[in-house]
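I have placed the structure first, in the form of structure tokens, so that the comments after it can refer back to it.
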Amino acid sequence: MNIKSKIVTTTIMAVAGLALLPSVANAETSRRVNVAAVHTLSGNQLVATSTLTPAQTFTAGDCTQVGTSSLTLTLTDGDFGDVKVDWHGVMSTSRSFTGDVWHARFDLKDSAGNIVRTIDGLDGPEMVFNRFMGYDFHRFTTMHMSPSDFLSIEKVDWWGDC
């Protein structure tokens, strides 16, 4: 094999090798704004729930968060403002074989649209495409919020980055 043939062969092998490497994911951010928050009483605890409807399903990158996902805030202590956060996510990925992760953020807003509090740092599971039914999971955290701020929550902006 002459030198020219070796260079061509080496170049073809290098290009073919790069095609086999997994590509670096480009995170894309999306949001669903002004999802209603409904207040209820559960026993002696006040609960605020924001649930996506099927029409509010949204996509970020290769990932989709499905309507029926919910964010539930429970004011467990009205004197000290202890709040339990439960993000129930229902989602899928359309492409990843190396693992996509949905990074969630929620802006809790009052009736005037002012952000009362932001919940950040909740990540979904590592998702791969070969799942038939998608992913259904819960993520929990706690925070402190004054009872008056808790009662003022009327809408939630759902943010997703995947």
With no hydrogens and no angle check, is any side-chain donor or acceptor of [X] less than 3.5 Å from a backbone partner on [Y]?
| X | Y | answer |
| --- | --- | --- |
| S30 | G160 | no |
| D157 | N34 | yes |
| D110 | N114 | yes |
| T53 | G67 | no |
| T51 | T68 | no |
| T64 | F58 | no |
| Y135 | T93 | no |
| Q45 | S42 | no |
| R139 | H88 | no |

Nearest atoms (heavy-atom pairs only) where [X] meets [Y]:
| X | Y | result |
| --- | --- | --- |
| D86 | F140 | CG-CE2, 3.4 Å |
| S92 | G134 | CB-CA, 4.3 Å |
| Q56 | L52 | OE1-CA, 3.4 Å |
| D123 | W87 | C-CZ3, 3.8 Å |
| T59 | G61 | CG2-O, 3.4 Å |

Do [X] and [Y] have side-chain heavy atoms sitting under 4.5 Å apart?
| X | Y | answer |
| --- | --- | --- |
| V47 | L41 | no |
| W159 | T29 | yes |
| W102 | Q65 | yes |
| T142 | D82 | no |
| E126 | D100 | no |
| F106 | L122 | yes |
| C63 | M91 | no |
| D149 | R117 | no |

Spacing of [X] atom [atom1] and [Y] atom [atom2] [to the nearest 0.5 Å]:
| X | Y | atom1 | atom2 | value |
| --- | --- | --- | --- | --- |
| S69 | R32 | OG | CZ | 11.5 Å |
| L46 | D77 | CG | CG | 12.5 Å |
| T118 | L108 | OG1 | CG | 7.0 Å |
| K84 | T72 | NZ | OG1 | 9.0 Å |
| D161 | R31 | CG | CZ | 14.0 Å |

Item to check | T74 side chain to T76 side chain, donor-acceptor N/O pair below 3.5 angstrom | outcome: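 Side chains of T74 and T76: no pair found under 3.5 Å.
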Next on the checklist: Under 4.5 Å between side-chain heavy atoms, counting indirect links through other Ile/Leu/Val/Met/Phe/Trp/Tyr residues: same cluster for M143 and L151 or not?
Outcome noted: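 Yes, one cluster joins them.
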Checklist entry - Are F137 and L73 joined in one hydrophobic group, where the rule is that I, L, V, M, F, W and Y side chains link up if heavy atoms are under 4.5 Å apart? => result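 Same cluster.
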Item to check | Given I115, V116, V156, the one that forms side chain to side chain contact (heavy atoms under 4.5 Å, CB included) with K109 | outcome: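 In the set I115, V116, V156, the residue that makes a side chain to side chain contact (heavy atoms under 4.5 Å, CB included) with K109 is I115.
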Item to check | Short N-O contact, D107 and R105, less than 4.0 angstrom | outcome: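 Salt bridge: yes.
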